[in-house]
Asks: 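Encoded as structure tokens, here's the structure I'll be asking about.
Chain A is the first sequence line, chain B the second, and so forth, proteins listed ahead of strands; every chain is numbered from 1. A quick note: this is a predicted structure, and the numbers were derived from the prediction, not measured.
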Number of protein chains: 2
Amino acid sequence: MPYDPSAFPPFAVTVDLVVLTVRRHSLCALAVRRGESPFKGRWALPGGFVRADEDLNQAAARELAEETGLRAHDPSSPAQDNGAHLEQLATYGDPERDPRMRVVSVAHLALAPDLPAPRAGGDASNARWAPVEELLQQGGHGRDGEPVAPLAFDHARILADGVERARSKIEYSSLATAFCPPEFTVGELRRVYEAVWGVALDPRNFHRKVTGTPGFLVPTGGTTTRQGGRPAQLFRAGGATLLNPPMLRPEV
Amino acid sequence: MPYDPSAFPPFAVTVDLVVLTVRRHSLCALAVRRGESPFKGRWALPGGFVRADEDLNQAAARELAEETGLRAHDPSSPAQDNGAHLEQLATYGDPERDPRMRVVSVAHLALAPDLPAPRAGGDASNARWAPVEELLQQGGHGRDGEPVAPLAFDHARILADGVERARSKIEYSSLATAFCPPEFTVGELRRVYEAVWGVALDPRNFHRKVTGTPGFLVPTGGTTTRQGGRPAQLFRAGGATLLNPPMLRPEV
DNA sequence: ATCATAGTCGTCTTCCTGACGATAAACACG
DNA sequence: CGTGTTTATCGTCAGGAAGACGACTATGAT
């Protein structure tokens, strides 16, 4: 049976990416400067159209690779490579969200270790890592004193949803290790939690918790002093994905 | 700047609904029989096209009302009416998921109290509440002995995702009350947990937990014996939405 | 040598949970 | 009318986990 194109309205479908990382003790997101109208010159989340023969997560993985060079982890494989965690976040389809046409955007959330430098199609000046508070604040000024314009489209809402997802998900999963390099110390992992949650955690209780949770961390045998102080044991992420009981976020 | 229609492929966008309820101690989902090809005669999740001027949650609320007569709760208002909980679940966009054309489906999850009877556009024979295990089992036979065909499209996957979302979400939120009538007893709420999780819970510990969590339940002052036995206190859902500490699901 | 920095091990108290005994208030039935 | 059944509700106890925090260790910096 041939389909009837008049039976449904046509939509454009895009994927937008909330790419988070932890740099210098703060949670940062990848932003790209828009080169075209609307919102020309404003910062936005990276993203693009889904192609005709592409699945949604394929499109998200392709955009992630184009913007950062990162490969996405296949969640089904126990990959310990330098890939990023990638998952679907939510879909945004307000009829007014793009003034040009009806666009439905399937937002994805990516968590990556600290990277050397962003690249936006080879043009580094049009991409940057910015602290999420800076991207989300309404008006005001960034750390360099220049006034901050809100993100384009509804990207502030999408970013806020992605940050909230990351904050809650590291409570009950081992996802915080996605922010770390392949080998990391307990202290580095703790600083990830502190940056994402914006709180200070007791190093002793944190150490007891993460080393006492079976399958969370596996020691590699090596040590490092890259953080200064006494040498720390190096770990890799263990196979466990769900933390039970969860890591408790200090009360708001 | 006018937009260039050749710059992106056109998609159809639909909403599909996972509507869950608890009937006779088991978790049930709403299924409708397809009247058209493809999958004609097979059971599927209710859903339909998003209209040109409609937001996604508006479309989901409209479909929910058409299929069940339920109004969706506005999550921002503390409504205690007979509405259902409605939230976005996930989006499914495999290029092959609909043989006719490229369709992206934004699935939503609805939780409803036990309803008198479903209606599918007024035709009750084409809609039913079925236990989720029955809808999800591959092959085999239903309780009435008739062979069970898998759900149409990728709806089994969508239903499984919705069930898993509901199972995990009642752990750390007060969402289980969405399965209950406006006034309910602790025992009725416990039977909701037991049906959704498929486990037996200790009535005494459950009672201690839910009545001891501030803001979860507020007593109405009334009592009922509709379950038999000693009269039980009636409660309404309190304002609290997040349970901290969570309700612990017995180990798998 | 001394200090600062970070990591690691223990202790103690408090809270929460799971297991389970006991009592209370309704109904069904002989 | 007693007796059993069902459901609700309160209480007790032991074990585990978490927060607070003391103590010690192993590096580099001055």
Side-chain angles (χ1 to χ4, degrees), chain A residues 24-25 170-172 180 183-195 197 199-236 240 242-252, chain B residues 24-25 170-172 180 183-195 197 199-236 240 242-252:
Chain A
R24 290 182 288 113
H25 283 223
I170 65 173
E171 281 190 82
Y172 57 89
C180 293
E183 297 200 349
F184 54 88
T185 69
V186 173
E188 289 165 347
L189 183 62
R190 175 170 48 82
R191 279 180 280 276
V192 164
Y193 275 90
E194 292 179 331
W197 285 345
V199 298
L201 299 175
D202 186 289
R204 298 157 291 189
N205 292 336
F206 184 86
H207 188 277
R208 176 182 60 191
K209 173 68 177 174
V210 296
T211 57
T213 301
F216 191 5
L217 301 180
V218 294
T220 67
T223 61
T224 182
T225 63
R226 62 184 171 221
Q227 299 290 338
R230 171 177 164 179
Q233 265 189 98
L234 283 170
F235 295 87
R236 283 186 294 103
L242 251 48
L243 265 39
N244 202 331
M247 179 86 58
L248 293 183
R249 172 159 36 164
E251 68 177 80
V252 272
Chain B
R24 289 181 287 114
H25 284 222
I170 66 173
E171 283 190 81
Y172 57 89
C180 294
E183 297 200 349
F184 54 89
T185 70
V186 174
E188 289 165 345
L189 183 63
R190 176 170 49 83
R191 280 180 280 274
V192 165
Y193 275 91
E194 292 179 332
W197 285 346
V199 298
L201 299 175
D202 185 288
R204 299 158 289 192
N205 293 336
F206 184 86
H207 188 277
R208 177 182 61 191
K209 173 69 177 175
V210 297
T211 57
T213 300
F216 192 3
L217 300 180
V218 294
T220 67
T223 62
T224 183
T225 64
R226 61 181 170 225
Q227 298 291 336
R230 170 176 166 180
Q233 255 188 289
L234 283 169
F235 295 88
R236 283 185 294 102
L242 251 49
L243 263 41
N244 203 330
M247 180 87 58
L248 292 183
R249 169 158 40 163
E251 67 175 84
V252 276

Asks: Just by distance, do the side chain of Y193(A) and the backbone of R249(A) share a donor-acceptor pair under 3.5 Å?
Replies: no

Asks: Between E194(A) (side chain) and L201(A) (backbone), is there a donor-acceptor pair under 3.5 Å?
Replies: yes

Asks: Looking only at heavy atoms, which two atoms of A240(A) and P214(A) are closest? And how far apart?
Replies: CB-O, 4.0 Å

Asks: Check the distance between dC16(C)'s P and M247(B)'s CE and give it to me in whole angstrom.
Replies: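 M247(B) atom CE is separated from dC16(C) atom P by 14 Å.
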
Asks: So, OP1 or OP2 of dC16(C): does either fall under 4.0 Å of a side-chain N or O from K209(B)?
Replies: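 The answer is no; no side-chain N or O of K209(B) sits under 4.0 Å from OP1 or OP2.
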
Asks: Could you give the CZ-to-C1' distance, from R191(A) to dG7(C), as a whole number of Å?
Replies: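 Distance, rounded to whole Å: 10 Å.
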
Asks: Please state how far atom CG in L201(B) lies from atom C1' in dC20(C), giving the value in whole angstrom units.
Replies: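 My rounded result for the distance is 16 Å.
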
Asks: Could you check whether R226(B) gets within reach of a base, just the sugar-phosphate, or nothing at all, counting any heavy atom under 4.0 Å?
Replies: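 No contact.
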
Asks: Nearest-nucleotide wise, let me know which of G229(A) and D202(A) is further upstream toward the 5' end of DNA chain D.
Replies: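 The residue mapped nearer the 5' terminus is D202(A).
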
Asks: Check whether any side-chain N or O of H207(A) sits under 4.0 Å from OP1 or OP2 of dG7(C), and answer yes or no.
Replies: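 Checking H207(A) against dG7(C): no side-chain N or O falls below 4.0 Å of OP1 or OP2.
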
Asks: Quick check: does any side chain N or O of T213(A) sit under 3.5 Å from a backbone N or O of F216(A), one acting as donor and the other as acceptor?
Replies: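 Not a single qualifying donor-acceptor pair exists.
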
Asks: How would you give the extent of chain B contacts on DNA chain D, as first and last nucleotide 5' to 3' within a 4.0 Å heavy-atom cut-off?
Replies: dT6(D) to dT12(D)

Asks: So, R236(B) and E183(B), do they make that salt bridge, N to O below 4.0 Å?
Replies: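 No, no charged N to carboxylate O under 4.0 Å.
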
Asks: Round to a whole Å and report the spacing from CG of L248(A) to C1' of dT14(C).
Replies: 14 Å

Asks: Within the side chain of T225(A), is there an N or O that forms a donor-acceptor pair under 3.5 Å with the backbone of G228(A)?
Replies: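 No; judged by distance alone, with no hydrogens or angles, the pair does not exist.
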
Asks: Given the structure, check if the side chain of R208(A) and the base of dG10(C) hold any donor-acceptor pair shorter than 3.5 Å.
Replies: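 No, no donor-acceptor pair under 3.5 Å.
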
Asks: What stems show up for DNA chain D when you take Watson-Crick pairs (N1-N3 plus N6-O4 or O6-N4) and G-U wobbles (N1-O2, O6-N3), both under 3.5 Å, and require three or more consecutive pairs?
Replies: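 Stem list for DNA chain D: C:1-30 with D:1-30.
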
Asks: Output the rounded distance in Å from CG (N244(B)) to C1' (dC16(C)).
Replies: 12 Å

Asks: Starting at CD of E188(A) and ending at P of dT5(C), how long is that distance when rounded to a whole Å?
Replies: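 Answer to the nearest Å: 18 Å.
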
Asks: Please report the interatomic distance CD(E171(A)) to OH(Y172(B)), rounded to the nearest 0.5 Å.
Replies: 10.0 Å

Asks: Send over the distance from N205(A) CG to dG7(C) P, rounded to a whole Å.
Replies: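 After rounding, the reported distance stands at 15 Å.
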
Asks: Taking side-chain hydrogen bond (donor to acceptor under 3.5 Å, both in side chains) as the definition, give me every residue that meets it alongside R230(B), ordered by chain and number, with sequence neighbours left out.
Replies: none

Asks: To the nearest Å, give me how far apart CD (Q227(A)) and C1' (dT8(C)) are.
Replies: 16 Å

Asks: Could you pick out which residue, R230(A) or R204(A), lies toward the 5' side of DNA chain D when each is mapped onto its nearest nucleotide?
Replies: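 It is R204(A), whose closest nucleotide lies nearer the 5' terminus.
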
Asks: Mind checking the CD1-CG spacing from I170(B) to L243(B)? Nearest 0.5 Å is all I need.
Replies: 10.5 Å

